[in-house]
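Within every chain, numbering begins at 1; the chains are lettered A, B, ... in the order of the sequence lines, protein sequences first and strands thereafter. Just so you know, these numbers use all the heavy atoms, side chains as well, and skip hydrogens, waters and symmetry mates.
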Amino acid sequence: MDYNTGVVLIGTCLLGIAAGVIGSFAVLRRRALMGDALAHAALPGICVAFLIIGERHFAGFLLGALVSGSLGVGIVTLLRHSTRIKEDAAIGIVLSVFFGGGIVLSSTIQHMPGGNRSGLDTYIFGKTAAMVRQDVMIIGGVCVFILAVSMLLYKEFKALSFDREYASAQGLPVLALDFAMMTLLVLVTVAGLPAVGVVLMAAMLIIPGAAARFWTDRLHWMLMIAAFIGALTGLFGTMMSARYAGLPAGPIIVLVGASMFVASMLFAPRRGIVARVLSRRRLEVRTMRQNLLRTMYELAEPDPAAKPPVTPVELTSRRAWSVVQARRALERAQAAGMVESVDGMRYRFTEAGLEEAVCVVRTHRLWEVFLIEEAHVAADHVDRDADSIEHVLGAEEVRHLERRLVEMGRWPKEAPLPPPSPHGWANGGDAT
Amino acid sequence: MITPERDVQQAATESGAAVKKAAVAPLDVHDMTVAYHRRPVLWDVDLTLPDGCLTAVVGPNGAGKSTLIKAILSLVPKASGRVLIYGKPYEQQRHLVGYIPQRESVDWDFPVSALDVVLMGRYGRLGWFRRPGKHDRQAALEALENVGMVDFAHRQIAQLSGGQQQRVFLARALVQDAQIYFMDEPFAGVDAATESAIVELLRTLRARGRTVVVVHHDLQTVDRYFDHMILLNMRVVADGPTGDVFTPENLRNTYGGRLTLLDEAAEAMRHGRVDA
Ligand SMILES: Nc1ncnc2c1ncn2[C@@H]1O[C@H](COP(=O)(O)OP(=O)(O)OP(=O)(O)O)[C@@H](O)[C@H]1O
Ligand SMILES: [Mg+2]
């Protein structure tokens, strides 16, 4: 890796970070497509800048992009506010008209004498290899500025994005903040054009934020993860496009980002698809086992401690299970050491199984009594997902409920069975 | 479950002599007209609220109740008129005003916890660039405690029920420690227990001299919960103490010829008499 590639790597890495952060806000505010309109609208500005300057001049190009990109955003805003056109349609119109104009201009320029030195074609799909040290310095500077501003205004941006009206009622200057956020979006988009190109710059803004959302439920983490994903995207994309010379950088960077998005969607803990499927599966298994133990306990009452054996058929009389399902539940519980087979057909509690059954039945009945007797307490406020009822209602309340259970004859008076173990079912639950 | 006592007590000592100039009305709206796209939705609103009362804003859908509140808070532009909060323009008195928007007004999938949302109630007083500190967190947790939501402080807000979300919004307004509160349909979609908890909270606020304006849809309960009332339908049909304003005549003028609503109103009147 030569010196220039190293510099470019730093530049695209910074770009990924800045795009990830600002893009996250755009995604949360449903403004993601605005970045797309902006990037496309920048192309004619770059062409006009070339026509004025007459040579490839990076800062001049960025300035041109800034002007026409802002013009595009302004037109979208104007169309939305003063006509009945909705934002998506306004974006569609501006995006294609500006891009069309830009393509016409740039192919005209390419055919002019000296036009092939303009490097304009690299702005359509991006070309990191065409960047030189000064270009990267400018891009890096812009990105650092964007990061600094969004860190300073973190609280304000957060309030604005979540509840604009409330933020305004709090005295935040929402219009100015809107404008600041839009300016940062414009800046990062324009800075990204030489590397990623106008066609795909929107992906650079959207993908890191959208991917980060899978990993967390907290805004500051989302921003940091988006920054991280953006940085990796920039790095890998640049390295790959440097290795295979003919490949344009934009598509490669986007593909790298897309694979990170897919990985996040699949494998992120809790919100990822795999985690969801697994936790639903675990919940099913757990529910089945709890139902089994409770049914066996109820069949064995009034003396469950004697551990009388049951058959799958007996279970189906109490639950909406088929015999096959009942047998499967028993086999699973046997594998977990909760029941043992007596003669291949009948099953009974093991010591551990009885202990768990007591725990399950007790919790179940306590909730029942609670909901019947204390329904006036806002049920809303009660977290019935919690594994341990004590955790939610407090020891005192649980003792009271227990007394009620005994009075109702639904629980043995001289509690002969061990107190429920707090660890019993504590798996698969959400530990927020 | 809601126990506002402590918070409000503390708030009262905190802001002690803050604003109380007995003679000045907490809210004074004069000749206000509001229009969206040149179509007026509120005409010539004149209102003066007495200190320390619970006021209901009542009217049919689309009557402009939300618009009234938003215009008072300068969230939508006024075509004409002026609003005074404790005798001064709203812009100077923002810190005295708490706001609870309609619950549907935000994206509940937003990546913040209940505690984060409540902390936003402190942003106004924090000033630029400053992050909420330990003291703010403490206040936010207390506000959550007061609405019975402290156990849910670290939940992402999408994982709360509608009633719980409403409580979070309440806590966000409480933590602001305002003198006058505007609440847009805080009772929408909450169960009886949450409703009575919110009413309890409103009464405590009143007992501490706060003024509360609530958009309320339930004619069955309005005379029990509120001592002051504004009947609204594009203009103020009537306003004053609930006893004077809550008459079939006024309701007919507010709701027009909508029979079902009138039946409901008549039912409410009977109901009220039985209760009394
Ligand atoms: N942003 C807006 N642009 C244009 N018209 C609006 C806007 N918001 C409200 N309106 C119109 O203004 C009128 C009053 O609306 P508002 O939301 O204040 O009613 P409301 O009394 O709060 O009704 P609800 O009981 O349904 O909440 C309605 O006719 C509505 O269509
Ligand atoms: Mg409304």
For this session: Identify which part of B:I157 has an atom lying under 4.5 Å from any heavy atom of chain A, answering side chain, backbone, both or neither.
Result: side chain
Exercise. Nearest 0.5 Å, what's the CD-CG distance between B:Q159 and A:D217?
Worked result: 5.5 Å
Exercise. Among A:E165, A:R164, A:M151, who wins on heavy-atom pairs under 4.5 Å with chain B?
Worked result: A:E165
Problem set entry | Those residues of residues 26-33 of chain A, ordered by number, that approach chain B below 4.5 Å (heavy atom to heavy atom) | A:L28, A:R30
For this session: For atom CZ of A:R281, decide whether the heavy atoms of other residues, nucleotides or ligands shown that lie under 6.0 angstrom number more than 12.
Result: no
Exercise. In Å, rounded to the nearest 0.5 Å, how long is the span from OH of A:Y154 to CZ of B:R131?
Worked result: 7.0 Å
Exercise. What residues form a salt bridge (Lys or Arg N to Asp or Glu O under 4.0 Å) with A:R280, not counting sequence neighbours?
Worked result: none
For this session: Give, as side chain, backbone, both or neither, the part of B:Y90 having an atom under 4.5 angstrom from any heavy atom of chain A.
Result: side chain
Exercise. So do B:M120 and A:K158 actually touch side chain to side chain, heavy atoms under 4.5 Å?
Worked result: yes
For this session: Measure from NZ or CZ of A:K155 to the centre of the six-membered ring of B:F129 and say whether it is under 6.0 Å with the direction within 45° of the ring axis.
Result: no
Problem set entry | Proximity of residues 223-233 of chain A to chain B, residues having a non-hydrogen atom under 4.5 angstrom | none
Exercise. For atom CZ of B:R137, is the number of surrounding heavy atoms from other residues, nucleotides or ligands below 6.0 Å larger than 12?
Worked result: no
For this session: Might you confirm whether atom CZ of B:R203 has over 12 heavy atoms from other residues, nucleotides or ligands at distances under 6.0 Å?
Result: yes
For this session: Answer whether the closest heavy-atom distance between the side chains of B:V106 and A:F162 falls below 4.5 Å.
Result: yes
Exercise. Below 4.5 Å, heavy atoms only, C-beta onward: do A:D163 and B:Y99 meet side chain to side chain?
Worked result: no
Problem set entry | Student check: side-chain heavy atoms of B:Y123 and A:E156 closer than 4.5 Å | no
Exercise. Within residues 108-118 of chain B, which positions have a heavy-atom distance to chain A below 4.5 Å?
Worked result: B:D109, B:F110, B:P111, B:V112, B:S113, B:D116, B:V117
Exercise. Which bit of B:E195 is near chain A, if near means a heavy-atom gap under 4.5 Å: side chain, backbone, both or neither?
Worked result: neither
For this session: Enter the distance from B:Q156:CD to A:R270:CZ here, rounded to the nearest 0.5 Å.
Result: 9.0 Å
For this session: Looking only at non-hydrogen atoms, find the nearest pair between B:L75 and A:S168 and report the distance.
Result: CD2-OG, 3.3 Å
Exercise. What are the two closest heavy atoms between B:R94 and A:Q170, and how far apart are they?
Worked result: CD-C, 4.0 Å
